[in-house]
Amino acid sequence: MSDKLKGCEILMRALMDQGVDLVFGYPGGQIMPVYDSLYDHSDHIRHYLARHEQGAIHAAEGYARASGKTGVVIATSGPGAMNLITGLNDALMDSTPIVAITGQVPSSLLGKDAFQESDVVSVTLPITKWSIQVRTADEIAPAIAKAFYIANSGRPGPVVLDISKDAQIGLSEYVPTRCNFIRSYDPDPAISEDKLREAAEIINSAKRPMILAGHGVTIARAENELSELAEKAEIPVACTMLGLSALPSSHPLNKGLLGMHGNLGPNINTNKADVIIAIGMRFDDRVTGDTKKYAPEAKIIHIDIDASEFDKTVRSHVHIHANAKSALSRLIPLIAATSHKEWLGSFLRHEKVENERVKNQELHPTNDDGKMHMGEVVDRVSEAFGNDAILVTDVGQNQMFSVRYFKFSSPRSCISSGGLGTMGFGLPAAIGAKIAVPQREVVLFAGDGGLQMTIEELGMIMEYNVGVKIILLNNNFLGNVRQWQELFFNSRYSATPMINPDFVVLARAYGIAGEDVAHRDNLPEAIERMKNHRGAYILNVNIEEMGMIFPMTPGGHGVDEILLNSTEYYKPV
């Protein structure tokens, strides 16, 4: 019989058996045995100490999104576990595989309002794929195996293991455990041949087909299959925000971004298409606008690994329950080679208007006061990094400008908080992404509001020398809220102006180089200095205070009801 081990030691061995070589976290009283055991395994599992548990889980998200692996975060009980809540919800909304390990008071004290006790399982059940409390040492290894299987299979998402302190110090034998089956859980469903044939018939008869590519394409590593389908049948592709890097920006069939601040062509032609092939996307309200006005002429083919998404928001004519790679690899042989030149030409007409009325004004402004627009900064940074950096954004105007004007050449290059829209996501997520793929450049765009929500994570950059390039688009406003106040609340700027610190001096206190950029003429050289600097760097770019992000489909409007500016709706000829 093998020697018995403490539960905390079993946890370490189980993590290593899952291939875990790094974790993010923050220690505390009820997770201390785990950290004591982690001390003995620092050669195999590196721990990244965040400055706040929310920063730790967002860093784990960035790591998972950039690498495709499962991110691991560790926190103590009570406030430590509760500080993970936003990140867990964010990971669930954006299908990010996370295993969160939280400490808990000894099982004898559960339910007695012990110091730093919280009912973690009850709180997290609605915002995770699985949440369980572990009360004995012999439960730990099976729970870890099951957690990793659930987190990164099917539609990925977060899992919580709440481990009582007595389970951490209790004794048990360690039996290496694998999990590849759970009754009633089917992450890899059989694909219906009838549905495939029906979908192929619809696509082959289409005159105005359109592909909507979502995050599920990236999750399934189906980028090659996406381009093969699009090229074979000459189908234009539009992307959700999280699907943007699934097809290179330069690909002639990539027609850009869908949704509230998306490109004119994709949004207008959504309501002109006769067939829509939605791949790994969930018809978010920011993509559809008013669903009663959405795609009235289209037969919709919906491909998704999560059956609960079918007909939840938009009714489909055919749905294929499978991940994107499996479905497309089976569908492509059934698709006829086709040409849709006239249909593709209609996108070019809308693109010309957008270039003339919006893009050129943003990227090539004529104002002589030197005040910069967000779009021109994003465009210049993207070009400086060869359009092949990983883009990480925070949330707000900085996010919308970034995803509109950054260019992508490689998969897994667009990391942002999509479904939850979490301000403060950007900085720790960029740190996690850079740790995941240190050979790639990671560029973070953030606003002055969102950066300050998790600005303490500059400490993680300092301690671990994480070479993230930070571009702070600073307009001394909560810019996105201010835009809505200007458009819909009579310019009553309630609680949106901000008095900010000297961000460059603040970064310098963390050992991070940087500079202020106050005039357009100084921007190119500043970007070059940032690019050539070894290690982290911050550019505090002073942006025009009252900048607006257009085009815009206001909430509650149809996806083709698009503002070109504050007062003028687009009226296509």
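- A side-chain donor-acceptor contact under 3.5 Å links Asp94 to the backbone of Gly418.
- Between the side chains of Glu354 and His350, not a single donor N or O lies within less than 3.5 Å of an accepting N or O.
- Note on Glu376 versus Arg520: salt bridge recorded, some NZ/NE/NH1/NH2 to OD/OE distance being below 4.0 Å.
- With no hydrogens or angles considered, no side-chain donor-acceptor pair links Asn360 and Asn355 at under 3.5 Å.
- In the model, Asn323 has a side-chain atom that pairs as donor or acceptor with a side-chain atom of Ser326 under 3.5 Å.
- Between Tyr569 and His557, the ring planes are parallel. Angles under 30° get that label, and only those over 60° would be called perpendicular.
- Contact of the Asn542 side chain with the Asn540 side chain is registered, since non-hydrogen atoms from C-beta on lie closer than 4.5 Å.
- Considering every non-hydrogen atom in both Ala295 and Asn271, the closest pair reads N-OD1, 2.8 Å.
- When all heavy atoms are compared, the tightest approach of Val99 to Ala151 is CG2-CB, 4.1 Å.
- Salt-bridge annotation for Asp388 and Arg440: present, with a side-chain N of the basic residue lying under 4.0 Å from a carboxylate O of the acidic one.
- Close placement of the Phe283 and His302 rings is indicated, their centers lying within 6.0 Å of each other.
- By the ring-ring contact (aromatic ring centres under 6.0 Å, His included) test, Trp130 pairs with no residue at all, sequence neighbours left out.
- Judged purely by distance below 3.5 Å, without hydrogens or angles, the side chains of Asp306 and Ser308 pair a donor atom with an acceptor atom.
- Under 4.0 Å is where a charged nitrogen must lie from a carboxylate oxygen, and between Lys207 and Glu342 no such pair does.
- Annotation for Pro551 and Ile562: closest pair CB-CG2, 3.4 Å, computed over non-hydrogen atoms.
- With respect to the salt-bridge test (charged N to carboxylate O, under 4.0 angstrom), the residues Asp284 and Arg282 qualify.
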Could you check Lys359 against Glu351 for salt bridge (charged side-chain N to carboxylate O under 4.0 Å, His left out), going step by step and ending with a plain yes or no?
CA-CA 10 Å; Lys359 187 174 181 179; Glu351 184 179 330; over 6 Å; no
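- By the side chain to side chain contact (heavy atoms under 4.5 Å, CB included) test, Val353 pairs with Leu264, Arg357, Tyr570, sequence neighbours left out.
- The residues Lys293 and Glu561 are annotated as salt-bridged, a charged nitrogen and a carboxylate oxygen being separated by less than 4.0 angstrom.
- Put simply, the residue from Leu253, Ile335, Thr338, Ile277 that forms a side-chain contact (heavy atoms from CB on, under 4.5 Å) with Ile235 is Ile277.
- At least one side-chain heavy atom of Leu334 sits under 4.5 Å from a side-chain heavy atom of Leu196.
- Across all their heavy atoms, Gly62 and Ile415 have their closest contact at O-CD1, 4.1 Å.
- Put simply, the side chain of Leu427 reaches to within 4.5 Å of the side chain of Ile470, judged on heavy atoms.
- Within the 4.5 Å cutoff, side-chain heavy atoms of Leu563 are placed close to those of Pro554.
- For the residue pair Tyr185/Ser153, the side-chain donor-acceptor check at 3.5 Å is satisfied.
- A donor atom on one side chain and an acceptor atom on the other are not found under 3.5 Å apart for Ser329 and Glu225.
- Trp484 is listed as a side-chain neighbour of Met552, based on a closest heavy-atom distance under 4.5 Å.
- Taking both residues in full, the closest heavy atoms of Val318 and Lys195 are given as CG1-O, 3.7 Å, listed atom of the first, atom of the second, then distance.
- Between Val275 and Arg208 there is no side-chain heavy-atom pair separated by less than 4.5 Å.
- A parallel orientation is assigned to the rings of His319 and Phe310, their planes being inclined by less than 30° (bins at 30° and 60°).
- Using a 4.0 Å cut-off between a side-chain N of Lys or Arg and a carboxylate O of Asp or Glu, Glu486 and Arg482 qualify as a salt bridge.
- Rounded to the nearest 0.5 Å, atoms CZ (Arg404) and NE2 (His261) are 9.0 Å apart.
- Of all the heavy atoms in Leu258 and Pro266, the pair that sits closest is CD2-CB, 3.9 Å.
- Side chain to side chain, Asn387 and Ser409 fail the donor-acceptor criterion of an N or O pair below 3.5 Å.
- Within the 4.5 Å cutoff, side-chain heavy atoms of Leu88 are placed close to those of Ile57.
- Under the 30°/60° scheme for interplanar angles, the aromatic rings of Phe401 and Tyr405 are found to lie parallel.
- When side chains are defined from C-beta on, Ile549 does not count as touching Met374, because their heavy atoms never get closer than 4.5 Å.
- Between the side chain of Thr128 and the backbone N or O of Thr124, at least one donor-acceptor pair lies under 3.5 Å.
- Of the charged side-chain nitrogens involved, at least one lies within less than 4.0 Å of a carboxylate oxygen, so that Glu309 and Lys312 count as a salt-bridged pair.
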